[in-house]
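What follows is a single structure, written as structure tokens, with notes after it.
These numbers were taken from a predicted model, which means no experiment stands behind them.
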Amino acid sequence: MRTNLILGTAGHIDHGKTSLVRALTGTDTDRLPEEKKRGITIELGYAVLEIDEFRLGIVDVPGHEKFVRQMLSGATGMDMAMLVVAADDSIKRQTIEHLDILRLLKLSGGVIAITKADLVEQDWLDLVIEEVRQLVVGTFLADSAIVPVSSHTGTGLDVLRDELKGVATRIQTSGGLSDPAAPFRLAIDRVFSIEGHGTVVTGSVSSGSVSVGDKLVIQPGGLEARVREIQNHDLGVQSIARGQRGAINLAGVHHDEIRRGQELGAVGHLKPTRIVSAGISTLKSGSRPLKDRQRIRFHIGTSEVLATVRLLGMREMKPGSEGLAQFFLSEPIVAVWNQPFVIRNESPLETIGGGRILHANSRRMRDFNSETATMLQKLASDDPRLRISAAFYFDSLSNTELDDLARIAGVAQPEPLVKTMVSDGEIIEIPVTNHKTFYLHRLMVTRVSNLIVDYLRRFHESDPLSVGAQRRTVENYFAYLDSKQIFELAIQQLAAEKRIQKTGDLIALEGCGPQLTVNERKLLAQIIDQFAKAGLDPPTIEQLQKDASKARNSVVQLVQLAVDQGQLVRLDDAILVHWQTIDRIKQELADSLREGQGITMSDIRQLLNTSRKYSIPLCEYLDKIGFTRRDGDLRFLAPQVVSVDQIVE
């Protein structure tokens, strides 16, 4: 079975990268007229090299410092690298910067080609080889073969092919390639239109596979398209997979709607983001520290955007250090777990460092603490269970499903692990429909529970006379939670732990309640007594305030307290009656009406000997609580009403 890998070139301008690729493959990767004229690579070039069971898609990147952006675009999806150094020129500025970029991308391996070996004496060649060997100490190329070659004479090309095969074999057997079951993804590096065919995009497939006829989505943008045709290095094919270059003819989208930096992905896989959390390292060669809130250029995939870096737990990073950071992007990108990125100064252009994405669709971490740091470190783990746990922790507020774990944790087939984690109580499973289930981390439920407690504590401090906060008010305060289920689970957990008490529609902290002075307690008893004696001719708030000799300013709150405690019943915004009055009215109506017999509003008013002012809100209240049922101008006892005793029960 043939293994497809992406091989990227790197090195200084005019060090012979394109000539070497042509000598190895027979393909001239300089395709633009300006490139032919100037003799340098400006845009990315592509070729294919077949070595036994390996098919290497070669990405030839520009070596000029002005085209580092294109070099970074070409580095997307690289599995291995070929660092090119000219024997007659040795190490130059872009040699070092390209090597730094490859280090930041954390490639698995590569080879070093010393080109133009036929132009120098052996002594000089030995010196260049030694310089290069010293340059790569401590990098992923430290133990790589250094092969002198000549694109003109063909010297060393067979040795170079053998070394490339060795590197490819090690990558294949290391298990570092992505899961074949992972969703399809391709970062777009070229967009154009062909007459009679329409829109074509090209790129390297970083995960999954795609076939003719498949539906894909372009992100950012959410553009839907269908695969009409596929080419792999100018050959028409039915499908392409991870490690292959592809030119995909798309139906349903115009080429003017697409640009380099966007990505093609399986439906539902990619999700635009403007905040990412990452592990980051700075280059030892950096000229200055990376500071918190510094503006930088953020390179990921084939995209470059301006961003602000927020260092987590530190104010600056000195050259050669490592840490955690969030990046706030000036425009949306798409990213997945463990995807490499590079950052450069906004001006002057200089590579600062880079790293790997830990959490692709982040929220601002306002309270970075040890728990958050631990979870970010779990996302960097090789253990898929730890990554799943941390991913659910950070995404619990976003209705996370199992399919999301390929993007946020790099686990394409997570079902067995998640099932075990649910059984262990680490993850909470929430069925929403027959076909959709969300998952929460238990620590996130605890966090929301603590936030609810903080809210209720502030509520009791601001309103010491209240029994508790209205549940709907509390729920609305936490409406920013994408999932209502997490609020429900938090309330259930607090009630089970006896940290809150629920009274009707009210929620209060356990042990908290009305804090009344002696005068307020006396006034409350007086208010309740007035309502009990008044029946269906209750006092108004103004009357109660006028009658109060002390604590007059507390009347409104005390009335509400009596309502919350069930002593008073609110018929509408202005009219309240004693609970015993309501019970007496229910008894009178139940005694007066036979089953199926209706009664008009006028009859009720006469039966209760009251006015329309009170009979209308009273009847509406009885309808609302289900004691009566209105049909036109008549009201009937609700079918379930047999007696007041039964209602009380």
Side-chain angles (χ1 to χ4, degrees), residues 4 6 31-32 43-46 57 59 69-70 72-77 178 182-274 276 298-306 329-336 339 357 360-361 401 403-404 406-408:
N4 293 284
I6 301 296
R31 54 186 173 79
L32 301 179
E43 273 292 351
L44 303 172
Y46 308 102
V59 182
R69 176 183 179 182
Q70 285 87 333
L72 285 163
S73 292
T76 294
S178 63
F184 174 77
R185 183 177 182 220
L186 176 147
I188 298 170
D189 51 41
R190 287 178 62 202
V191 184
F192 52 93
S193 178
I194 296 179
E195 187 175 355
H197 293 269
T199 302
V200 177
V201 300
T202 69
S204 301
V205 182
S206 54
S207 70
S209 62
V210 67
S211 300
V212 172
D214 286 352
K215 291 182 179 180
L216 299 174
V217 177
I218 300 167
Q219 295 285 15
L223 301 172
E224 297 183 358
R226 179 177 55 82
V227 178
R228 180 181 288 160
E229 294 180 279
I230 303 174
Q231 283 193 355
N232 174 231
H233 294 291
D234 299 325
L235 296 175
V237 294
Q238 285 299 302
S239 64
I240 52 173
R242 184 238 170 271
Q244 290 183 287
R245 290 286 308 172
I248 302 179
N249 181 203
L250 296 174
V253 62
H254 195 277
H255 70 275
D256 287 341
E257 299 178 273
I258 312 173
R259 55 177 171 76
R260 172 189 283 182
Q262 290 177 304
E263 302 205 12
L264 270 178
V267 175
H269 177 45
L270 299 176
K271 183 178 178 181
T273 181
R274 294 187 66 163
V276 296
F298 189 86
H299 296 264
I300 188 167
T302 55
S303 166
E304 176 196 8
V305 299
L306 292 174
L329 309 163
S330 60
E331 57 187 86
I333 63 164
V334 287
V336 299
Q339 184 174 354
I357 298 295
N361 298 92
E401 300 180 63
D403 289 345
D404 294 320
R407 172 175 50 84
I408 64 178

Legend entry - Ion pair check, Glu331 and Arg274, cut-off under 4.0 Å: no
Inset, instruction - Name all residues meeting the side-chain hydrogen bond (donor to acceptor under 3.5 Å, both in side chains) criterion together with Asn249; count only those two or more places apart in sequence or in a different chain, and write none if there are none. - result: none
Inset, instruction - Specify the closest pair of heavy atoms between Pro272 and Gln219, including all atoms of both residues, with the distance to one decimal. - result: CG-OE1, 3.3 Å
Inset, instruction - Side-chain contact test, heavy atoms from C-beta onward, threshold under 4.5 Å: evaluate it for Gln262 versus Pro220 and give yes or no. - result: yes
Legend entry - Over 12 non-hydrogen atoms of neighbours within 6.0 angstrom of CD in Glu224: no
Inset, instruction - Quick one: do Phe192 and Thr199 satisfy side chain to side chain contact (heavy atoms under 4.5 Å, CB included)? Show the steps, please. - result: CA-CA 6 Å; Phe192 52 93; Thr199 302; over 6 Å; no
Inset, instruction - Can you measure from CG (Leu250) to CD1 (Ile258) and round to the nearest 0.5 angstrom? - result: 5.5 Å
Legend entry - Residues forming a side-chain contact (heavy atoms from CB on, under 4.5 Å) with Leu223, sequence neighbours excluded: Ile218, Val253, Glu257
Legend entry - Ile333 side chain reached by Val305 side chain, heavy atoms, under 4.5 Å: yes
Legend entry - Shortest non-hydrogen contact between Lys271 and Asn361, atoms and distance: O-ND2, 3.2 Å
Inset, instruction - Show your reasoning for whether side chain to side chain contact (heavy atoms under 4.5 Å, CB included) applies to Asp214 and Phe184. - result: CA-CA 11 Å; Asp214 286 352; Phe184 174 77; over 6 Å; no
Inset, instruction - Check whether any side-chain heavy atom of Val212 sits under 4.5 Å from a side-chain heavy atom of Ser239, and report yes or no. - result: no
Inset, instruction - Answer yes or no: is there a side-chain heavy-atom contact under 4.5 Å between Ile248 and Leu186? - result: yes
Legend entry - Test item: Val267 and Leu216 side chains (from C-beta on) under 4.5 Å apart, heavy atoms: no
Inset, instruction - State, with a plain yes or no, whether a side-chain heavy atom of Val336 is found less than 4.5 Å away from one of Ile357. - result: no
Legend entry - From CG (Asp189) to CZ (Arg260), nearest 0.5 Å: 6.0 Å
Inset, instruction - Run the numbers on Arg245 and Ile6 for side chain to side chain contact (heavy atoms under 4.5 Å, CB included), then give the verdict. - result: CA-CA 8 Å; Arg245 290 286 308 172; Ile6 301 296; 4.3 Å; yes
Inset, instruction - Hey, could you give me the NE2/CZ distance between His255 and Arg190, rounded to the nearest 0.5 Å? - result: 13.0 Å
Inset, instruction - Go through Val217 and Leu270 one step at a time and tell me if the side chain to side chain contact (heavy atoms under 4.5 Å, CB included) criterion holds. - result: CA-CA 8 Å; Val217 177; Leu270 299 176; over 6 Å; no
Inset, instruction - Measure the spacing between CZ of Arg242 and OG of Ser209 and express it to the nearest 0.5 Å. - result: 12.5 Å
Legend entry - Side-chain heavy-atom pair Gln339, Arg185 within 4.5 angstrom cut-off: yes
Inset, instruction - Could you tell me the separation between the CZ atom of Arg407 and the OG1 atom of Thr273, rounded to the nearest 0.5 Å? - result: 9.0 Å
Legend entry - Minimal non-hydrogen separation, Ala335 against Ile300, with atom names: CB-CD1, 3.8 Å
Inset, instruction - Any chance you could measure Ile230, atom CD1, to Gln238, atom CD, to the nearest 0.5 Å? - result: 7.5 Å
